[in-house]
S.K.: 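Attaching a single structure in structure tokens format; questions to follow.
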Amino acid sequence: MNHLLILPVLLPLLAGSLLLLGHRLPLPIKRTVSLFACWALLPLAVALLQLAADGELRVYALGNWQAPFGIVLVLDRLAALLLVLNAVLSAFALLYAARGDDVRGAHFHALFQFQLLGINGAFLTGDLFNLFVFFEILLISSYALLVHGNTGPRIRAGVHYVVLNLLGSSLFLIGVSLLYGLTGTLNMADLAVRVASAGADTAPLLAAAGFLLLVVFGLKGAILPLHFWLPAAYAAAPAPVAALFAIMTKIGLYAILRVFTLIYGNQAGELANMANHWLWPLALLTLGLGAVGALAARELQRMLGYLVVVSVGTLLAGIAMGTVEGLSAALYYLLHTTLVSGGLFLLAGLIALQRGVVGGALRPAPALRQPLLLGALFFAGAISVVGLPPFSGFLGKLMLLQAAGVNQSAAWLWAVVLGGGLVMLIGASRAGSVLFWRGNAELAESAEVPRGDPLRIVACAALLVCSLLLVFAAQPLQAYVRATAAQLLDVAPYLAIVRGGAA
Amino acid sequence: MALALIIALPFLGIVLPILLGRSGRSACALAAALAPLAALILLLSKRQAVFAGEVQIVRLDWMPELGLNLALRLDGLGFLFALLILGIGLLVILYARYYLAKSDPMGRFFGFFLLFMGAMLGVVLSENLLLMLMFWELTSLSSFLLIGFWNHRQDARRGARMALTVTGGGGLALLAGILLIGHIVGSYELSQVLASGDIIRAHSLYPLALILVLLGVFTKSAQFPFHFWLPRAMAAPTPVSAFLHSATMVKAGVFLLARLYPALSDSEWWFYLVSLTGMTTLLFGAVLALFQHDLKGLLAYSTISHLGLITLLFGLDSRLAAVAGIFHIINHATFKASLFMAAGIIDHETGTRDMRKINGMWRFLPHTALLAMVASLAMAGVPLLNGFLSKEMFFAETLEQHLLGSFYWLIPVTATLASAFSVAYSLRFIHDVFFNGDPVDLPNYPPHEPPRYMKIPVEVLVLLCLLVGMLPGLTVAPLLASAVSAVLLGQVPEYSLSIWHGFNLPLVMSFIALIGGLLIYSLRHPIFRWYEGMPQPDALNLFERGMHLLTVAARSLTEALENGSLQRYLALMLISTLVLVVVALSPLEALTGDVAMTTPDGMTILGFGILSVASLGTVLLHRTRLVALVVLGAVGLLVALVFARYSAPDLALTQLSVELVTIILLMLVLFFMPANTPSESSSARVFRDLLLAIGSGLMVALLAFAVLTRPYDSISWYFLENSIPGGGGANVVNVILVDFRGFDTLGEICVLAIAATGIFALLRGLRLPHRQTDYMGRLWSSDRHPPVLYALTRVLLPLALLVSVFIFLRGHNLPGGGFIAGLVTAVALVMQYVSHGVVWTQARQRLSYHVMAGGGVLIAALTGLGSLAFGYPFLTSAFDHFHLPLVGEFELATAMLFDLGVYLTVVGATLLMLANIGHVGQDGSCKEYQ
Amino acid sequence: MPLWIEILVSLLLVAGSLFTLIGAVGLYRLPDFFTRLHGPTKATTLGVGGIVIASLLFFSVEREGLSLHEVLITLFLFITAPVSAHMLAKAAMQQRVDVWDKTRGDRWE
Amino acid sequence: MEALFAITLGIMTASGVYLLLRARIFPVVMGLTLISYAVNLFIFAMGRLGTGIPAVIGKSSEYGDPLPQALVLTAIVIGFAMTAFVLVLALRSIGEFATDHVDGREPRP
Amino acid sequence: MRGWRWLPNPVLSVLLAVLWLLLNNTLSFAHLLLGAFLGWGIALLCRPLLMPVPKVAKPLALLRFALMVGSDIVIANLHVAKLVIGPRTQLRPAFIEVPMRLQDEFMLSLLTSIISLTPGTVSASLSSDRSVLLVHALDAPDPQQLVAEIQRRYEAPLLEIFQCSRP
Amino acid sequence: MLAAVIPLCLAMLGVAALLTVIRLFQGPDLPDRVLALDTLYINAVALIVVFGIWLASDLFFEAALLIAIMGFVGTVAVAKHLLHGDIID
Ligand code: NA
Ligand code: NA
């Protein structure tokens with residue numbers, strides 16, 4: 001048993017509780033502790049990635065209770081990949097936050113660490129109820145982080161976000177317990193075994209449980225028609241929090257991927273791949289409506305929120321294909337969209353700061369202090385997120401279109417992806433034009449706006465540069481995501497977890 | 001490698017002008033020229049191989065599964081275009097050095113310029129179609145930056161966005177087309193694609209692929225009806241127009257026609273789509289060019305027309321026509337670039353581009369005038385100039401095709417007519433600008449000749465026009481030959497570049513065009529009057545209005561859906577759930593399973609009856625909030641009783657304590673809220689909500705019933721068997737909580753601690769007005785802390801602590817545990833706040849709730865961590881029985897320590913919440929409770 | 001279990017339940033809040049006391065060892081019931097609930 | 001008994017959902033509380049219902065399923081934390097918008 | 001009952017220890033030890049929040065008083081039961097004001113509690129200067145007599161048992 | 001004998017609970033409802049204890065104790081809310 005597996009959970013947990021304990025410590029110390037704990041996740045996650053790269057499943061039995069009786073953490077390629085992603089994203093989001101956003105409310109760093117705890121735990125756990133617990137950890141932290149600073153729009157968006165998710169949590173509990181009531185187990189691999197052998201008498205009930213989970217994950221993942229909370233929430237959140245939230249929707253999609261490949265995957269007998277034909281049209285609608293919303297947005301942050309919705313639709317389309325190609329396209333796109341959206345949210349924060357009271361609103365404002373720098377970053381980020389070359393968004397889109405193949409349903413995808421791309425291009429070019437070209441230079445001189453904090457700019461640029469790295473490293477990454485997708489679709493090794501195989 | 005370097009150099013070169021942006025314009029321009037110059041030298045070093053007909057391909061695998069590789073190709077066509085791009089690019093750099101004002105950020109300009117140049121080189125030198133597409137889109141993006149360079153001007157911003165929208169959108173269509181080609185061929189490598197023309201044309205997807213590719217081509221090359229962006233792109237600085245809108249970007253479209261010629265041409269689809277589009281554009285552009293008063297506008301429409309000509313040539317579907325097309329690409333690039341530069345000089349020196357003001361420039365700018373006139377004559381297709389040669393070939397080819405059947409004459413006639421207009425607008429350019437009397441209201445008067453070096457690029461290009469026009473065999477022949485060979489894959493037809501082909505029909509057509517042009521120009525005044533009477537759709541306004549309508553439509557759709565109503569979102573979520581569950585359950589044959597049902601006793605029926613009624617009561621009474629709250633209290637109690645009834649004492653205990661704290665919280669909050677809920681739902685809304693409520697209720701009831709009547713095979717036996725031997729406790733529920741699934745519990749206390757922390761943060765700085773009167777509208781009682789109450793609660797505190805310890809210690813073996821104990825302690829402490837008030841209580845206790853909450857989590861985590869030291873996984877428990885004299889046997893377990901963490905977290909978190917909410921109504925003098 | 005103990009337990013149980021019931025009946029049918037307040041504070045408390053003593057007896061015999069901890073429940077109820085009643089009465093006066101018209105004396109405002 | 005239990009759960013859920021769909025934050029939170037009670041009972045029921053079979057070793061001959069009980073405990077605690085948070089968020093919302101409408105603004109008349 | 005710094009309230013400690021044994025239904029030495037420890041520890045923890053309790057001057061009288069109150073409670077209940085079940089015409093409710101001689105908070109609370117537990121009376125409110133207690137009686141044919149009865153039967157013994165400051 | 005007596009007791013307690021709940025719904029004033037809830041809590045204590053005797057299980061002691069404690073605290077809290085609005089002031 002490799003104790004490395006528990007560290008992504010343990011590190012933020014200890015850091016978070018220490019930060020609570022030392023809540024009266026001076027800010028620099030809190031920042032240092034928080035940054036250290038956060039950045040330490042990066043080498044850790046990379047080590048885990050290397051560990052997972054051999055394709056073996058690593059199982060960590062908490063409390064030394066073997067699956068399916070105790071809770072296990074399972075490290076596969078997917079989990080490792082997402083851990084790395086989260087580590088990168090949060091490292092820069094936190095770096096950005098540590099330059100001032102963390103003092104706008106109480107306990108930013110502790111909450112941030114707990115947020116990481118929830119996210120990492122959700123990626124690692126192999127137990128469905130434990131997944132619920134980690135969902136709740138990441139949700140409650142996200143509630144608190146969302147309203148960090150307590151301004152009006154944050155509160156309004158917060159109320160919606162929280163209430164919807166509370167209903168979601170109830171549905172999650174019903175779904176999980178229903179599964180337990182029918183199969184008598186909670187371990188996901190064990191569930192897969194038992195669901196596969198379900199008779200006609202229970203299969204519809206198991207399907208109902210699965211769909212309940214789908215609604216919950218769909219809410220977190222912002223799938224139509226459950227996505228309406230997202231633009232307002234992401235637009236209202238403080239920049240580094242919105243950046244971190246770039247991975248939150250992905251957790252919903254991760255859960256869909258996990259549950260609907262493992263439990264309701266291709267070995268689930270009657271229920272095999274039952275969600276896919278629902279997900280496909282929903283994916284396209286989500287994508288399309290997201291693009292329309294991005295065009296409609298009157299505010300930069302809101303536009304970015306809708307671009308997140310677009311990315312959800314795109315990802316979901318890949319997942320719904322259910323093929324190695326589709327899944328690997330989705331996974332590559334996931335890396336891209338998370339990092340770039342994160343970078344763009346940070347950038348939106350930088351831009352809004354320099355536009356004074358106008359903030360991110362897409363109307364003329366005093367000119368930016370650093371139009372060139374921010375403009376270049378925006379240009380790159382927007383191109384990437386819209387999916388134009390030469391950035392990673394294009395490659396992701398390309399992979400997805402190719403994965404769809406050439407047939408009737410692919411035609412819809414092509415139409416939506418390409419049409420949506422054009423709509424987003426129009427929206428993004430308008431936004432860029434307003435933000436960087438219609439600045440009123442005279443007003444800028446009079447209003448004493450500070451230049452962007454260098455570290456904040458570094459944090460933002462670093463995430464956007466990741467888009468280029470994803471392009472340069474496309475080949476090894478694609479190999480990895482392909483292997484990941486293949487691993488997800490080959491359920492047998494997972495099932496071996498509960499047959500006393502690994503440990 | 002050299003090939004890659006040719007493309008890479010401009011990209012790498014971007015840094016130089018940006019770094020030297022403030023070191024003077026000459027230094028900056030020189031820095032900008034370095035990379036293209038090096039690339040040009042590299043390119044020229046390849047000329048011999050290219051002219052010998054070699055096709056050089058370098059390939060580096062990038063994403064082979066995707067078919068996307070770093071594959072480059074240098075053949076005659078690529079060489080020709082690369083030469084144009086680098087050669088004209090260098091000239092434009094020199095020109096721009098003098099054109100741009102001191103105030104213009106030159107470093108940025110050249111940065112964008114080189115970015116575009118690199119992208120353009122990438123387009124023409126790619127072997128891989130996907131790679132080509134990446135560069136293709138990059139040209140659109142960088143041209144957006146260049147057109148919008150003077151972004152303080154609205155027309156520049158709008159023109160840039162329009163160009164990007166049209167060309168970028170076309171690029172997306174092209175992507176689809178290329179993907180289809182790749183699907184058909186199985187490869188994106190040009191070598192393979194070009195060799196698979198027959199397969200492609202035979203494929204059922206060919207028409208679709210062709211249309212998609214042509215969409216990309218036509219948008220980029222400003223073909224009708226996608227031409228409208230090009231005149232608006234004239235808002236760009238003139239060097240940009242000279243480069244992008246004559247020689248390079250707009251040529252990318254026709255380049256692709258040439259590039260994919262072997263793969264896609266030679267079909268009716270191709271012929272009709274390409275030639276008819278080209279023909280329309282040719283005539284349309286030529287006619288409109290005449291009516292432009294803007295110098296650059298005239299040139300823009302002329303460009304559209306000439307691009308139409310080239311397109312038409314590629315559509316004519318004879319190899320010779322393709323030769324003519326390629327030849328005209330070269331010629332158009334040279335004369336149009338020089339014309340743009342000349343126009344730029346005039347604009348620069350006079351301060352306007354309005355030909356109605358610019359007259360008689362011959363006297364002021366004789367040198368420039370001479371250059372411009374030669375170039376204009378080339379544009380008009382006058383003999384001895386390069387335009388004449390390709391035009392003759394064009395006329396000849398229009399006569400050679402018969403695809404339009406009995407309408408075959410349409411093409412030559414259109415060509416002649418367009419050519420006449422071409423003569424007319426060229427004449428206008430010469431006459432109206434350089435002669436035609438005296439200038440009118442020039443912003444800069446009198447204009448002077450520009451700096452010497454600014455004219456060099458024009459001179460070079462005009463010289464080329466002359467040289468090619470007079471000595472084609474000595475100048476352009478090998479270039480053309482290798483390009484043609486590359487396009488036609490070596491199957492080059494016989495063609496002659498001689499100036500004189502004898503008296504033939506094409507020459508007659510040229511003559512007619514010349515006379516016709518003179519005639520049209522001489523009749524210009526009535527024609528202009530007629531034109532001005534016509535409705536003039538402004539493409540930019542139309543486009544802007546279209547975009548505005550699109551945005552408005554997007555907004556109304558988005559706002560209609562996302563209307564900011566939580567109720568709607570919740571309803572959608574419930575509807576989604578119900579739909580999915582109904583679909584899932586529809587195959588269920590019988591709701592009732594195999595397990596026999598049990599008959600309930602009277603007391604149970606009564607209990608459930610009361611529970612149901614009380615639940616409904618909260619709904620019926622919900623408008624009076626406190627009443628509903630009291631009824632909710634009853635529901636909570638009954639739920640606890642249900643737990644107790646069905647043998648779950650731990651649950652009953654937890655439910656009881658949590659429910660009380662929840663009610664207290666609700667009351668604390670209610671104090672700041674209206675006492676009543678208004679009746680505001682429409683009856684339709686109430687009906688919808690009732691439906692959803694009943695649906696959700698049914699769903700839960702059916703699911704519960706179905707499960708309760710079905711057998712299951714649970715893993716619970718393991719917990720029952722191992723609780724004592726493995727976990728050291730008899731209360732299996734507790735052992736699961738602190739041991740088997742201690743990880744869940746750790747998470748759960750984290751949630752609690754985070755919630756408390758979040759609440760603390762939320763409440764910071766919140767001051768809400770005290771409600772001064774009670775529910776009946778009376779002032780609150782002044783007796784805030786009745787002695788009868790506090791006398792008791794102070795006695796109760798130690799008792800409650802004792803009970804907490806009792807519950808805590810029992811937990812492992814009997815109902816109880818850290819959580820319930822924590823809540824009992826918390827409630828006892830809260831009672832101190834209730835009975836004595838915040839100030840009194842706070843003064844008498846020194847606990848930091850933050851420290852308790854954080855410390856609790858930490859203790860639990862560290863307990864789990866302890867096992868790592870012994871090599872066991874996180875949270876592995878240990879317990880043992882010890883014996884002490886007198887005391888006897890007792891058990892110590894790490895699980896107890898873990899439970900202590902739970903206890904502390906619960907106490908800390910609960911009090912952090914409650915005490916701080918209580919603080920909301922206080923005045924600012926009171927400190928928050930840490 | 002010896003019969004006499006069983007009888008005793010039964011008696012205590014019946015008496016306790018009866019008192020509890022009477023308390024509830026008082027709550028249900030007495031005319032105003034203040035009169036209703038008497039039922040639960042006394043009858044119910046005593047009723048529970050009876051039942052708890054029954055339980056104490058029952059388990060002391062059943063488990064063959066003194067089981068006194070049930071007394072704590074009664075003790076607790078006895079010390080808290082008057083305070084609850086007091087607080088509720090104060091609240092009622094604050095709320096100025098209607099007083100039965102046959103009541104003499106006035107409640108405080 | 002199973003039907004009775006299920007029907008009661010249904011009624012609790014329906015009541016909770018109806019309240020959840022109200023426009024004011026207070027009934028919404030009450031609705032969430034009711035729903036979470038129903039959900040807790042639901043989870044518990046997934047271990048099946050039995051009388052006199054507590055999952056305490058040595059206290060009876062048969063034992064109920066302890067696992068759903070443990071899950072309910074976790075769910076209760078998490079539900080409590082969430083309810084507390086949403087309530088305070090509601091307070092803050094009142095402070096920001098001076099209304100208790102869930103959308104942070106009074107509906108247009 | 002004033003204790004020392006490290007044993008602030010010995011009576012409370014003993015009481016808690018006894019309650020501990022009661023709670024655990026045991027007399028084992030281990031629990032005796034634990035109970036003593038808890039009694040000591042909890043009293044120490046709660047010291048700042050504890051209330052001064054007047055010293056018991058006559059423990060025996062206290063015992064007698066407790067028994068009397070106990071029997072009163074039973075009788076009161078029978079009486080109330082009769083009133084509850086009987087016709088409404090039996091009821092003669094009244095608000096009466098009982099002047100209070102006690103000043104000590106603890107004693108006051110004790111008295112009000114006892115009044116609430118015994119014959120048909122509930123302490124409804126205490127005046128802000130703590131000089132008058134408002135009592136609601138379920139059946140008070142003669143309010144003045146009830147006042148006297150309360151003072152005689154409950155207040156006087158309390159004053160006697162505890163060392164209280166008299167007005 | 002107990003087997004016969006306990007259902008009787010349960011029935012009496014059930015009726016008591018029912019009457020209490022009726023008062024809870026009837027009110028008419030808030031204090032009446034709170035009083036009803038308080039009584040319901042005490043009824044619940046009785047019920048739990050009898051139930052424990054019926055099952056001869058001593059696992060319900062804590063539940064009974066806790067119901068008593070929570071009932072008291074709840075009643076006092078609501079009463080204070082009615083009196084003063086702000087329960088933690
Ligand atoms: Na003129
Ligand atoms: Na307060």
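As the structure is a computational prediction, the values presented were derived from the model and not from experiment. Order of the sequence lines sets the chain letters (A, B, ...), proteins ahead of strands, with each chain counted from 1.
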S.K.: With only heavy atoms counted, which part of B:Val738 is less than 4.5 Å from chain A, the side chain, the backbone, both or neither?
M.R.: neither

S.K.: Out of curiosity, A:Leu117 CG to B:Ile754 CD1, how far, rounded to the nearest 0.5 Å?
M.R.: 6.5 Å

S.K.: Checking A:Leu167 against B:Leu570 for the side chain to side chain contact (heavy atoms under 4.5 Å, CB included) test, could you report, in this order, the C-alpha distance in whole Å, the side-chain angles of both residues, the deciding distance, and whether it holds?
M.R.: CA-CA 8 Å; A:Leu167 179 61; B:Leu570 286 168; 3.8 Å; yes

S.K.: Within a strict 4.5 Å, meaning less than it, do heavy atoms of the B:Arg741 and A:Leu62 side chains meet?
M.R.: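 B:Arg741 vs A:Leu62: side chains apart.
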
S.K.: Counting only non-hydrogen atoms closer than 4.5 Å, does A:Leu477 touch chain B with its backbone (N, CA, C, O), its side chain (CB onward), both, or neither?
M.R.: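 Neither; nothing under 4.5 Å.
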
S.K.: Taking the six-membered ring for Trp and the single ring otherwise, decide whether the centroids of B:Phe760 and A:His107 are under 6.0 Å apart.
M.R.: yes

S.K.: Closest approach of B:Pro873 and A:Tyr60, non-hydrogen atoms and distance?
M.R.: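 The pair with the smallest heavy-atom distance is CA-OH, 3.3 Å.
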
S.K.: Compare every heavy atom of B:Leu585 with every heavy atom of A:Pro204, then report the nearest pair and how far apart it is.
M.R.: O-CD2, 3.7 Å

S.K.: Should the ring pair B:Phe740 and A:Trp65 be called parallel, tilted or perpendicular, given that the plane angle runs from 0 to 90° and is split at 30 and 60?
M.R.: tilted

S.K.: I'd like to check A:Tyr161 versus B:Tyr569 (side-chain heavy atoms, cut-off strictly below 4.5 Å). Are they in contact?
M.R.: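 With C-beta onward as the side chain, the pair stays apart.
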
S.K.: I'd like to verify something: which residue of A:Gly158, A:Gly181, A:Gly70 has the highest number of heavy-atom pairs under 4.5 Å with chain B?
M.R.: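 Option with the greatest count: A:Gly181.
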
S.K.: Is any side-chain heavy atom of A:Leu13 less than 4.5 Å from a side-chain heavy atom of B:Leu746?
M.R.: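 Result yes, sub-4.5 Å side-chain heavy-atom pair found.
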
S.K.: Could you check whether any side-chain N or O of A:Trp278 sits under 3.5 Å from a backbone N or O of B:Leu580, counting only pairs where one atom can act as donor and the other as acceptor?
M.R.: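 Judged by distance alone, no pair lies under 3.5 Å.
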
S.K.: For chain A, which candidate among B:Leu865, B:Thr558, B:Asp744 shows the most heavy-atom pairs at distances under 4.5 Å?
M.R.: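 Of the options given, most contacts go to B:Asp744.
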
S.K.: Is it the side chain or the backbone of A:Arg194 that comes within 4.5 Å of chain B heavy atoms, both, or neither?
M.R.: side chain

S.K.: Quick check on A:Leu372 against chain B: is it the side chain, the backbone, both or neither that has a heavy atom closer than 4.5 Å?
M.R.: side chain

S.K.: Determine the option with the most heavy-atom pairs under 4.5 angstrom with chain B, choosing from A:Leu395, A:Leu19, A:Thr202.
M.R.: A:Leu395

S.K.: Can you tell me which of B:Gly855, B:Gly168, B:Ala176, B:Ala853 forms the most heavy-atom pairs within a distance under 4.5 Å of chain A?
M.R.: B:Ala176

S.K.: Quick one: CE on B:Met63 to CD on A:Gln478, what's the gap to the nearest 0.5 Å?
M.R.: 4.0 Å

S.K.: Give the C-alpha distance, both sets of side-chain angles, the deciding distance and a yes or no for side chain to side chain contact (heavy atoms under 4.5 Å, CB included) between A:Leu398 and B:Leu179.
M.R.: CA-CA 9 Å; A:Leu398 195 61; B:Leu179 286 174; 3.8 Å; yes

S.K.: Between A:Ile155 and chain B, which part of the residue has a heavy atom less than 4.5 Å away: side chain, backbone, both or neither?
M.R.: side chain

S.K.: Who wins among A:Leu206, A:Leu14, A:Leu5 for the most heavy-atom pairs under 4.5 Å with chain B?
M.R.: A:Leu14

S.K.: Applying side chain to side chain contact (heavy atoms under 4.5 Å, CB included) to A:Val9 and B:Phe743, what does each step give before you reach the verdict?
M.R.: CA-CA 11 Å; A:Val9 175; B:Phe743 200 49; 3.8 Å; yes

S.K.: Among B:Ile736, B:Val700, B:Leu180, B:Leu133, who wins on heavy-atom pairs under 4.5 Å with chain A?
M.R.: B:Leu180

S.K.: Out of B:Leu68, B:Leu138, B:Leu175, which one racks up the most heavy-atom pairs below 4.5 Å with chain A?
M.R.: B:Leu175

S.K.: Could you have a look at A:Val417, A:Val159, A:Leu111 and say which one has the most heavy-atom pairs with chain B under 4.5 angstrom?
M.R.: A:Leu111

S.K.: Judged by atom type as modelled, is there a donor-acceptor pair below 3.5 Å linking the side chain of A:Arg438 to the main-chain atoms of B:Asn151?
M.R.: no

S.K.: Under 6.0 Å between ring centres: does that hold for B:Trp136 and A:Phe394?
M.R.: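 When the ring centroids of B:Trp136 and A:Phe394 are compared, they turn out to be at least 6.0 Å apart.
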
S.K.: Answer yes or no: is there a donor N or O on one side and an acceptor on the other, between the side chain of B:Arg710 and the main chain of A:Asp201, under 3.5 Å?
M.R.: yes

S.K.: Does any heavy atom of chain B fall under 4.5 Å from the side chain of A:Phe108, the backbone, both, or neither of them?
M.R.: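 Interface part for A:Phe108: neither.
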
S.K.: Between B:Glu137 and A:Pro389 (side chain of the first, backbone of the second, donor and acceptor by atom type, cut-off under 3.5 Å), is there such a pair?
M.R.: no

S.K.: Using non-hydrogen atoms and a 4.5 Å limit, figure out which bit of A:Leu164 sits close to chain B: side chain, backbone, both or neither.
M.R.: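 Backbone plus side chain of A:Leu164, per the 4.5 Å heavy-atom cut-off to chain B.
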
S.K.: Please flag which part of A:His160 lies under 4.5 Å from any non-hydrogen atom of chain B: side chain, backbone, both or neither.
M.R.: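 Both parts, backbone and side chain.
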
S.K.: Name the region of A:Ile140, side chain, backbone, both or neither, that has any atom closer than 4.5 Å to a heavy atom of chain B.
M.R.: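 Contact with chain B is through both the backbone and side chain of A:Ile140.
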
S.K.: Please confirm whether the backbone N or O of A:Pro68 pairs with a side-chain atom of B:Tyr718, one donor and one acceptor, at under 3.5 Å?
M.R.: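 Side chain of B:Tyr718 to backbone of A:Pro68: no pair is present.
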
S.K.: Side chain to side chain donor-acceptor pair (under 3.5 Å), that's the test. Do A:Thr185 and B:Tyr712 meet it? Break it down for me.
M.R.: CA-CA 10 Å; A:Thr185 193; B:Tyr712 76 131; over 6 Å; no

S.K.: Tell me, with the steps shown, if B:Leu130 and A:Gln402 meet side chain to side chain contact (heavy atoms under 4.5 Å, CB included).
M.R.: CA-CA 12 Å; B:Leu130 290 175; A:Gln402 289 204 354; 3.8 Å; yes

S.K.: Counting heavy-atom pairs under 4.5 Å with chain A, which one of B:Val751, B:Val857, B:Asn563 comes out on top?
M.R.: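 Between B:Val751, B:Val857, B:Asn563, the count favours B:Val751.
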
S.K.: Hey, what do you get for CG (A:Leu21) to OG (B:Ser848), rounding to the nearest 0.5 Å?
M.R.: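 If we round to the nearest 0.5 Å, A:Leu21:CG and B:Ser848:OG are 8.0 Å apart.
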
S.K.: Check each atom of A:Leu73 against the heavy atoms of chain B and say whether the ones under 4.5 Å are side chain, backbone, both or neither.
M.R.: side chain

S.K.: Aromatic contact between A:Trp437 and B:Phe149, with the criterion being ring centroids under 6.0 Å apart: yes or no?
M.R.: no

S.K.: Look up atom CD in A:Glu136 and atom CG in B:Leu752, then write down how far apart they are to the nearest 0.5 Å.
M.R.: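 So the CD of A:Glu136 and the CG of B:Leu752 are separated by 12.5 Å.
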
S.K.: Nearest 0.5 Å, what's the CE-OG distance between B:Met547 and A:Ser429?
M.R.: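 Separation between the atoms: 8.5 Å.
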
S.K.: Taking every non-hydrogen pair under 4.5 Å, which of B:Gly758, B:Pro711, B:Ala554, B:Gly856 racks up the most with chain A?
M.R.: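 Top option by heavy-atom pairs under 4.5 Å: B:Ala554.
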
S.K.: Less than 4.5 Å to any heavy atom of chain B: does that hold for the side chain of A:Ala209, its backbone, both, or neither?
M.R.: neither

S.K.: What part of A:Leu171 gets closer than 4.5 Å to chain B, counting heavy atoms only: side chain, backbone, both or neither?
M.R.: side chain

S.K.: Non-hydrogen atoms of chain B under 4.5 Å away: do they reach the side chain of A:Val72, the backbone, both or neither?
M.R.: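 Looking at A:Val72, nothing touches chain B.
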
S.K.: Within this structure, what is the OG1-CG distance for the pair B:Thr577 and A:Leu226, rounded to the nearest 0.5 Å?
M.R.: 7.5 Å

S.K.: Among A:Leu219, A:Ile174, A:Val386, which residue has the highest count of heavy-atom pairs closer than 4.5 Å to chain B?
M.R.: A:Leu219

S.K.: Contact part of A:Asp190 toward chain B, heavy-atom cut-off under 4.5 Å: side chain, backbone, both or neither?
M.R.: side chain

S.K.: Do other residues, nucleotides or ligands put more than 12 heavy atoms under 6.0 Å from B:Tyr872 OH?
M.R.: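 Counting other residues, nucleotides and ligands, OH of B:Tyr872 stays at 12 neighbours or fewer.
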
S.K.: Return the minimal non-hydrogen interatomic distance between A:Ala208 and B:Leu703, and the atom names on each side.
M.R.: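 So the two residues come closest at CB-CD2, 4.2 Å.
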
S.K.: Heavy-atom pairs under 4.5 Å with chain B are the metric here; pick the option from A:Phe114, A:Phe69, A:Tyr143 that has the most.
M.R.: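 Answer, by heavy-atom pair count under 4.5 Å with chain B: A:Phe69.
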
S.K.: Go through the atoms of A:Leu205 and report whether side chain, backbone, both or neither lie under 4.5 Å from a heavy atom of chain B.
M.R.: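 A:Leu205 touches chain B through backbone and side-chain heavy atoms alike.
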
